[in-house]
S.K.: 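Attaching a single structure in structure tokens format; questions to follow.
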Amino acid sequence: MLIHVAIAASVLARPALAPAEPKLEMHRAGVSADDGSGWHLAVSSKGSFSVLLPIPFNDFTTRDAQTGETTHVVGGKSSEGIKFVAVELPPGNKPPPDLASIPKTLAANPANKVSDVGRRTSGDAEILTLTLTVSDGAKTMYMRCIDAKGARYTLTIEFPNAYRDLIAANKDRFFESFKLKKNS
């Protein structure tokens, strides 16, 4: 027993060599930009997109010093645990994985059930949509990935299944509201 305590003490005494966390730059927090319909126009401060969210949102950018990757994010979480998030991965050193690999990667985890996979093009953008259900039956996630102008955009809604009907009535408005900024 004393040997285990001595080993634990020596490990805790050593400085941690954990990888550095990505740097977060918060542009705006808790933004309420209700357009009169209960939806909030979220225009990414540093990214090249906007989207409507049914809840107030945060707007931030992360930079990973190790990989050089930057992400621009707008999103929020309701008191019920419903999350709406839009992310931009601008063109960088490493291209994002092919859209076709995303459902396969998610389905490789036996805890996930992937369904309703669709793929289409619209103008110069390629769009992938899918539904991901975690097998514990408690949560579902809807996802839309868009490749446009060399960037990857991912929109997600994650929610407890008790709110399935509420989300079903609103998910299309969220997904269809995505727009690229004109000057990007």
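Since this is a predicted model, take the numbers as computed values, not measurements.
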S.K.: Does Asn170 reach the side chain of Ile157, with side-chain heavy atoms less than 4.5 Å apart?
M.R.: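 Not touching, per the 4.5 Å side-chain cut-off.
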S.K.: Between Tyr142 and Phe174, is there a side-chain heavy-atom distance shorter than 4.5 Å?
M.R.: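 Contact flag for Phe174/Tyr142 side chains = no.
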S.K.: Side-chain heavy atoms under 4.5 angstrom apart, residues restricted to Ile, Leu, Val, Met, Phe, Trp, Tyr: same cluster for Val74 and Phe175?
M.R.: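 Shared cluster, yes.
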S.K.: Got Ser78 and Phe159 here, is their nearest side-chain heavy-atom distance under 4.5 Å?
M.R.: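 In short, these two side chains do not touch, never coming nearer than 4.5 Å.
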S.K.: With a 4.5 Å cut-off on side-chain heavy atoms, are Tyr153 and Leu180 touching?
M.R.: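 Answer yes - side chains close enough.
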S.K.: Less than 4.5 Å apart, side chain to side chain, heavy atoms only: is that true for Phe57 and Arg28?
M.R.: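 They are in side-chain contact.
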S.K.: For the pair Asp64 (side chain) and Gly68 (backbone), establish whether a donor and an acceptor sit closer than 3.5 Å, ignoring hydrogens and angles.
M.R.: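 No; zero donor-acceptor contacts below 3.5 Å.
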S.K.: Do you reckon Phe84 sits in the same ILVMFWY cluster as Leu41, going by side-chain contacts under 4.5 Å, direct or chained?
M.R.: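 Yes: a chain of side-chain contacts under 4.5 Å links Phe84 to Leu41.
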S.K.: For the residue pair Glu158 and Thr156, confirm or rule out a side-chain donor-acceptor distance under 3.5 Å.
M.R.: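 No, no side-chain donor-acceptor pair sits under 3.5 Å.
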S.K.: Between Arg152 and Asp98, what is the shortest heavy-atom contact and its length?
M.R.: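 Smallest interatomic distance, heavy atoms only, reads NH2-C, 4.2 Å.
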S.K.: Would you call Pro97 and Thr105 a side-chain contact if the rule is heavy atoms closer than 4.5 Å?
M.R.: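 SC-SC contact between Pro97 and Thr105 ruled out.
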S.K.: Please check if the number of heavy atoms outside Asp35 that lie under 6.0 Å from its CG is greater than 12.
M.R.: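 Enclosed.
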S.K.: Taking the side chain as C-beta and beyond, is there a heavy-atom pair between Ser50 and Lys181 under 4.5 Å?
M.R.: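 No; the side chains remain at least 4.5 Å from each other.
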S.K.: Any donor-acceptor pair under 3.5 Å linking the side chain of Asn112 with the backbone of Leu106?
M.R.: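 The answer is yes, because a donor-acceptor pair under 3.5 Å joins these two groups.
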S.K.: Quick one: does Asn58's side chain have a donor or acceptor within less than 3.5 Å of a partner on Gly75's backbone?
M.R.: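 No, because the side chain of Asn58 does not come within donor-acceptor range (under 3.5 Å) of the backbone of Gly75.
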S.K.: Tell me the closest heavy-atom pair linking Asn161 and Thr140, and the distance in Å.
M.R.: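 Heavy atoms only, the tightest pair is OD1-OG1, 2.5 Å.
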S.K.: Just one of His72, Glu88, Glu25 clears the side chain to side chain donor-acceptor pair (under 3.5 Å) bar with Thr61, so which one?
M.R.: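 Among His72, Glu88, Glu25, the one that satisfies the side chain to side chain donor-acceptor pair (under 3.5 Å) with Thr61 is His72.
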S.K.: Output yes when a side-chain donor or acceptor of Lys46 lies under 3.5 Å from a complementary backbone atom of Asp59, and no otherwise.
M.R.: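 No.
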S.K.: Please report the closest heavy-atom contact between Arg173 and Ser37, naming both atoms and the distance.
M.R.: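 The answer is NH2-OG, 3.4 Å.
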S.K.: Are Leu89 and Met141 connected in the hydrophobic side-chain network, where two residues link if heavy atoms are under 4.5 Å apart?
M.R.: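 No, no single cluster joins them.
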S.K.: With clusters defined by side-chain heavy atoms of hydrophobic residues (ILVMFWY) lying less than 4.5 Å apart, directly or transitively, does Ile82 cluster with Val73?
M.R.: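 Not linked; separate clusters.
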